[in-house]
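Naming convention: chains lettered A, B, ... in sequence-line order (proteins, then strands); numbering from 1 in each chain.
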Amino acid sequence: MLQVAYIRENKETVLKGLAKRNLKNADELVEKTITADEERRSIQTQLDSILAESNKISKDIGQLFKSGERQKAEILKQKTVQLKEQSKILTENLQNKANELQELLYLIPNIPNEIVPAGSSEEDNLTVFEEGKVPVLYQGALPHWELAKKYDIIDFELGNKITGAGFPVYKGKGAKLQRALINYFLDKNSEAGYNEVQVPHLVNEASGIGTGQLPDKEGQMYHDAQDNLYLIPTAEVPVTNIFRDVILKEDEFPILKTAYTPCFRREAGSYGAHVRGLNRLHQFDKVEIVRVEHPTKSYEALDSMVNHVKEILRELNLPYRILRLCGGDIGFTSALTYDFEVFSTAQDRWLEISSVSNFETFQANRLKLRFKNSDGKTELAHTLNGSSLALPRVMAGLLENCQTPEGIKIPEVLVKYCGFEIIN
RNA sequence: GGAGAAAUGGCAGAGUGGUCGAAUGCGGCAGUCUUGAAAACUGUUGAGGGUCACACCUCCGGGGGUUCGAAUCCCUCUUUCUCCGCCA
């Protein structure tokens, strides 16, 4: 959520940024917001002066009672009746206007960074880096869902029976490989200075709002209506919300956290060939990295996160590329996002396996995540996060790219985590 | 699940209807002293709104109520602690 004061004072910048996102009715939205803000402040001022007056009278009454002048006190009491009426009405108006303003602010996405390319869809994303050799596979190489069946390591039908589509069961070496990857990712993240945490997999409404899933992506999360809790779509939500309503000291920066969690996504409206096998699931595992940074250091941090993910992919020996998302494809809350994609030879397509973003103050404003700066003023911090990494597509990429006629060769770095070198 | 107690500023902890945004201590920051540091002393130190700046307004777990006036009284929710029971 952008700060109203920022919108008020930087209207042109905001409009320009929203234009890059191809946001329809941006002008109207911004105008309405500014008007609602003005009205809110005007009502607030009126209310404040009425409250000031009645506070004063109350104090006077106190004095009069003390000095025994009950008669005079009774007269003053009469005066407050009218003030009370007025303040009641104004309080109600203020509440309504504040809600209206809040609703409007929820509709305005983050302002993209200068270097975010213009564009309307994923076609316009900019490839900024590419690395790794695409292996030449043997005749008869299979997509991962065939491999999963052949070696009996992932069972989609069984998951379908237990729960439904998109909830696979990992079996035998498949389960072990999955666990190996999780441990490997966590270890890599820890080595890089990320502090490991285990967090709840269900979150409350305030947390969903804090990181921006609510109210924007309400329908994407599984919701337990009985207790009003949401299954997390990513560890970003519980981990970042560690810092909700927190005022940090400046020397507490930088903050680096990593967590492994399952992720739950309803993925309403996603069907077709591209969601086969592991490509799109309702439940999947992910290791996430989250950072809270000083505003002057957040882009440096973003680069460091990108480099960190690069190193992991290098070690896994996977061919990948990095995209800078364009204005039309970048997430609602993000100012700059880099997507990592692994090339799947057997599917002949790129699979998104990581998304690394800087949210600047957008989340921090919702979270009320601030720090005391060197002038002693409170200032919003910057938040960032990225996947390091999402399991299923890494798994898909590994299975497909590492397949040989003899079986699936486990990358060197994973062998000590798996305890085996080949799936056959 | 049953019984009881509690929730106040970074922390500890006072405050049971007016002069309380809140004593005191610790911590933090600044200064004096010192070659420097420690100690001691002095000052300062919550958040949000509002203003050019003041004024002013709101906030004592959340919500509601009583009252001219609520940290203080009432209702309700949440959370924590203690004891008992049950269970991993």
Side-chain angles (χ1 to χ4, degrees), chain A residues 1-10 33-105 198-210 214 224-230 238 241-253 255 292 361 363-381:
Chain A
M1 184 169 71
L2 296 176
Q3 296 171 89
V4 209
Y6 180 84
I7 297 175
R8 199 195 306 152
E9 285 154 26
N10 304 276
T33 305
I34 291 174
T35 307
D37 175 48
E38 269 166 15
E39 289 171 357
R40 201 221 90 224
R41 281 183 295 149
S42 146
I43 296 169
Q44 176 94 64
T45 310
Q46 292 173 53
L47 176 61
D48 282 359
S49 64
I50 283 173
L51 289 176
E53 197 176 338
S54 78
N55 283 346
K56 189 170 177 308
I57 291 173
S58 292
K59 271 184 190 163
D60 291 346
I61 291 173
Q63 287 299 330
L64 290 172
F65 269 116
K66 220 169 211 181
S67 55
E69 300 172 80
R70 300 190 70 93
Q71 290 276 313
K72 282 187 181 174
E74 289 302 327
I75 294 164
L76 274 184
K77 272 194 192 184
Q78 297 299 321
K79 278 179 77 175
T80 62
V81 176
Q82 200 188 2
L83 290 174
K84 264 189 129 176
E85 287 282 311
Q86 290 176 330
S87 78
K88 200 176 162 192
I89 294 164
L90 284 169
T91 303
E92 203 171 299
N93 290 350
L94 180 66
Q95 194 56 53
N96 290 338
K97 194 51 78 176
N99 289 344
E100 186 191 316
L101 177 63
Q102 188 61 253
E103 297 296 318
L104 286 165
L105 286 169
Q198 280 196 10
V199 289
H201 300 166
L202 279 89
V203 293
N204 57 30
E205 198 177 346
S207 292
I209 290 170
L214 295 174
D224 165 27
Q226 204 166 2
D227 293 313
N228 196 24
L229 295 173
Y230 294 83
N241 271 281
I242 291 173
F243 301 98
R244 173 152 48 85
D245 288 317
V246 165
I247 299 178
L248 297 162
K249 297 199 191 76
E250 206 166 19
D251 63 12
E252 288 180 82
F253 292 123
I255 292 170
V292 181
T361 60
Q363 287 184 330
N365 189 33
R366 286 198 185 187
L367 291 161
K368 295 200 180 66
L369 164 49
R370 294 157 295 175
F371 69 98
K372 275 243 185 297
N373 67 21
S374 44
D375 298 331
K377 298 258 183 252
T378 50
E379 193 180 329
L380 292 172

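As rounded to whole Å, 12 Å separates atom P of B/U58 from atom CD1 of A/Ile50. For the pair A/Lys77 NZ and B/G18 C1', the interatomic distance rounds to 12 Å; values are reported in whole Å. One can place CD1 of A/Ile43 at 15 Å from C1' of B/G50, the figure rounded to the nearest angstrom. Rounded to whole Å, the distance from CG on A/Asn228 to C1' on B/U78 is 14 Å. Remark: P of B/G49 and CG of A/Leu105 are 13 Å apart, rounded to the nearest angstrom. A straight line from CG of A/Asp48 to P of B/G50 spans 10 Å, rounded to a whole angstrom. Rounded to an integer number of Å, the gap from A/Lys56 NZ to B/A55 P is 17 Å. B/G17 atom P lies 20 Å from atom CG of A/Leu64, rounded to whole Å.
Between the side chain of A/Asn241 and the backbone N or O of A/Ser207 there is at least one donor-acceptor pair closer than 3.5 Å.
Judged by closest nucleotide on RNA chain B, A/Arg41 is the one of A/Leu51 and A/Arg41 placed further toward the 5' end. Residue A/Gln44 is the one, among A/Gln44 and A/Glu53, whose nearest nucleotide of RNA chain B lies closer to the 5' end (criterion: closest heavy atom).
No option in A/Lys97, A/Glu100, A/Gln102 other than A/Lys97 meets the side-chain contact (heavy atoms from CB on, under 4.5 Å) test with A/Arg40. With respect to A/Leu47, the side-chain contact (heavy atoms from CB on, under 4.5 Å) criterion is satisfied by exactly one of A/Asn93, A/Ile89, A/Thr91: A/Thr91.
There is no side-chain donor-acceptor pair under 3.5 Å between A/Asn55 and A/Ser58.
A/Ser58 comes within 4.0 angstrom of a nucleotide base, judged by non-hydrogen atoms across all strands. A/Ile61 comes within 4.0 angstrom of a base, heavy atoms only.
A sub-4.0 Å separation between OP1 or OP2 of B/A47 and a side-chain N or O of A/Lys372 is present. Between A/Arg40 and B/G49 there is no side-chain polar atom (N or O) within less than 4.0 angstrom of OP1 or OP2. Residue A/Asn55 has a polar side-chain atom (N or O) positioned under 4.0 Å from OP1 or OP2 of B/C57. Phosphate proximity of B/G48 to A/Thr378: present, with a side-chain N or O under 4.0 Å from OP1 or OP2. An OP1 or OP2 oxygen of B/G69 is reached within less than 4.0 angstrom by a side-chain nitrogen or oxygen of A/Lys84.
In a base pair of the Watson-Crick type (N1 to N3 plus N6-O4 or O6-N4) or a G-U wobble (N1-O2 and O6-N3), with each distance short of 3.5 Å, B/C81 is matched with B/G4. Across all strands shown, B/U67 forms no Watson-Crick or G-U wobble pair with both distances under 3.5 Å. Here B/A53 sits opposite no nucleotide as a Watson-Crick or G-U wobble pair (both hydrogen-bonding atom distances under 3.5 Å). Figure legend. B/G43 is base-paired to B/C29; pairs are counted as Watson-Crick or G-U wobble with both atom distances under 3.5 Å. In this structure B/U24 sits in a base pair with B/A12, meeting the Watson-Crick or G-U test at under 3.5 Å. In this structure, B/G36 makes no Watson-Crick or G-U wobble pair, since no nucleotide meets both defining distances under 3.5 angstrom. Base pairing of B/U72 is not made with any nucleotide, judged by Watson-Crick or G-U wobble geometry with both donor-acceptor distances under 3.5 Å.
The same atom, P, is picked in B/C81 and in B/A30; the two are 38 Å apart, to the nearest Å.
At a threshold of 4.5 Å between non-hydrogen side-chain atoms, the residues A/Ile255 and A/Ile242 do not count as touching. Between A/Leu380 and A/Leu369, the closest side-chain pair of non-hydrogen atoms is not below 4.5 Å.
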